[in-house]
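All residue numbers refer to positions in the sequence shown, counting from 1. In this text the structure is predicted, and so the values were computed from the model without any measurement.
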Amino acid sequence: MLLPGLSGGTMAILLGVYERLLRAVSDITKRLDIKKNLMFLCVFSLGGIAGIFCFSHILSYILSAFGFYLSFLFIGLIAGTIPLIFRESEAKDVKVTDIFFVALGVIASLSIKLIPKNLLDISSVSSLPDFLLLFMAGLFIAIALILPGISVSYTLLILGIYERVLEAVKTADIFYLLPIGAGVIAGILLFTRMLDYLMTKFKRATYMIIGGFVISCIPNVFPGLPKGADLLIALPLLIVGFFTVYIITKRKAQFDSKENP
């Protein structure tokens, strides 16, 4: 989630835990294996928090020094998840409907940029309408957290509360963060269950749409065409990123087939 232009959902797919995370939250809402799922989510969350504290400064330095080149590594990583998504959809061949759903995902993700910025310019919670609007903002943030290809920071910018949320976090403004947090929690519980249902009933179509969301990340990361000597560094990094994910996911698929023959 620290990487610019990449969403947490995209990284979860890359790591092969996206569907497991959705299922864990969805099962908790259904009161299924609550202890097991809570343990999984707690361990995963602790790892995420540790990653933010451990790598935020290092990553900031690396991105400022080598950001242009690393962008191509990120593009390779994103592209490497496409075969994984196709395999997870259990599709045996490519159909016209698959192309349609992928295109639908790309259009839906990119169309978010058409939403006018500063949609909610609320600096304080002084009335019930302010509370409800910030709660709605939390719902939008939850969607950005769950769906790959949608950046949380960009969602906050669209809503017009990016700087205010950062300030509220720094100053521990609980009254401002409370309705947003409530909306995020409600949105995660609601939308993960919906997405889990879609993955169960319409797995192929859902994964194709998710593939479109992931593909839409590439324009957010693309820094421009490399020229001259830059091409000699950027192109190998792109290839390394692609095959790193491709090989890892292929090995994981082989391992899973042995575990579940």
Side-chain angles (χ1 to χ4, degrees), residues 1-3 6-59 77-78 80-81 84-85 87-90 135 138-153 155 165 169 172 174 177-203 206-207 210-211 213-214 217 244-245 247-261:
M1 291 177 67
L2 293 171
L3 299 176
L6 297 180
S7 69
T10 302
M11 295 305 297
I13 289 176
L14 190 153
L15 295 169
V17 295
Y18 184 71
E19 190 170 352
R20 176 72 182 88
L21 284 168
L22 291 179
R23 190 64 45 81
V25 178
S26 178
D27 284 351
I28 288 175
T29 63
K30 300 174 186 176
R31 298 182 179 181
L32 300 174
D33 295 327
I34 294 178
K35 184 178 179 180
K36 178 183 176 181
N37 288 311
L38 276 177
M39 181 64 68
F40 170 75
L41 292 173
C42 285
V43 172
F44 192 87
S45 299
L46 286 173
I49 294 169
I52 290 174
F53 281 104
C54 292
F55 298 112
S56 57
H57 294 293
I58 298 173
L59 191 60
L77 293 172
I78 295 169
T81 63
L84 169 65
I85 293 172
R87 185 167 61 246
E88 291 292 328
S89 71
E90 299 179 355
F135 180 84
L139 294 177
F140 280 108
I141 295 168
I143 295 173
L145 280 169
I146 295 168
L147 290 178
I150 303 177
S151 168
V152 173
S153 58
T155 303
V165 167
V169 171
I174 303 299
L177 295 174
L178 181 62
I180 297 176
V184 170
I185 294 172
I188 289 175
L189 294 176
L190 174 64
F191 296 122
T192 49
R193 190 163 182 175
M194 289 174 57
L195 195 53
D196 182 41
Y197 172 81
L198 291 173
M199 282 185 165
T200 303
K201 297 295 183 180
F202 311 100
K203 188 169 188 175
T206 303
Y207 264 106
I210 289 174
F213 278 117
V214 172
C217 279
T244 297
V245 177
I247 292 171
I248 291 174
T249 54
K250 191 173 182 179
R251 293 278 179 88
K252 181 179 181 297
Q254 293 172 350
F255 177 79
D256 290 342
S257 63
K258 290 179 181 179
E259 289 288 313
N260 304 292

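Separating the CG atom in L195 from the OG1 atom in T200 is a distance of 9.5 Å, to the nearest 0.5 Å. The line from CD1 of I146 to CD1 of I141 is 12.0 Å long, rounded to the nearest 0.5 Å. Note: K203 NZ to I210 CD1 = 10.5 Å, rounded to the nearest 0.5 Å. Within the model, atoms CD1 of I188 and OG of S26 stand 13.0 Å from one another, a figure rounded to the nearest 0.5 Å.
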Q: Just do the side chain to side chain contact (heavy atoms under 4.5 Å, CB included) check on F191 and L22 with the steps written out, would you?
A: CA-CA 9 Å; F191 296 122; L22 291 179; over 6 Å; no
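Qualifying salt bridge (charged side-chain N to carboxylate O under 4.0 Å, His left out) partners for D196, counting only residues two or more places apart in sequence or in other chains: R23, K30. Listed by chain and residue number, nothing satisfies the salt bridge (charged side-chain N to carboxylate O under 4.0 Å, His left out) test with K36 (two or more places apart in sequence, or in another chain). Among residues two or more places apart in sequence or in another chain, the salt bridge (charged side-chain N to carboxylate O under 4.0 Å, His left out) test is passed with R193 by none. Scanning for side-chain contact (heavy atoms from CB on, under 4.5 Å) contacts around L21 gives A12, V17, F40, L41, F44, with sequence neighbours left out. Residues satisfying the side-chain contact (heavy atoms from CB on, under 4.5 Å) test with I34, not counting sequence neighbours, are R31, L38. Partners of M39 under the side-chain contact (heavy atoms from CB on, under 4.5 Å) rule, at least two apart in sequence or in another chain, are V43.
Residues T206 and L198 approach most closely at OG1-O, 3.2 Å, considering heavy atoms. Scanning both residues, G183 and A142, for their nearest heavy atoms gives O-CB, 4.4 Å.
In this structure, Y197 contributes its side chain and F202 its backbone to no donor-acceptor pair below 3.5 Å. Using modelled atom types, no side-chain atom of T192 and backbone atom of V25 make a donor-acceptor pair closer than 3.5 Å.
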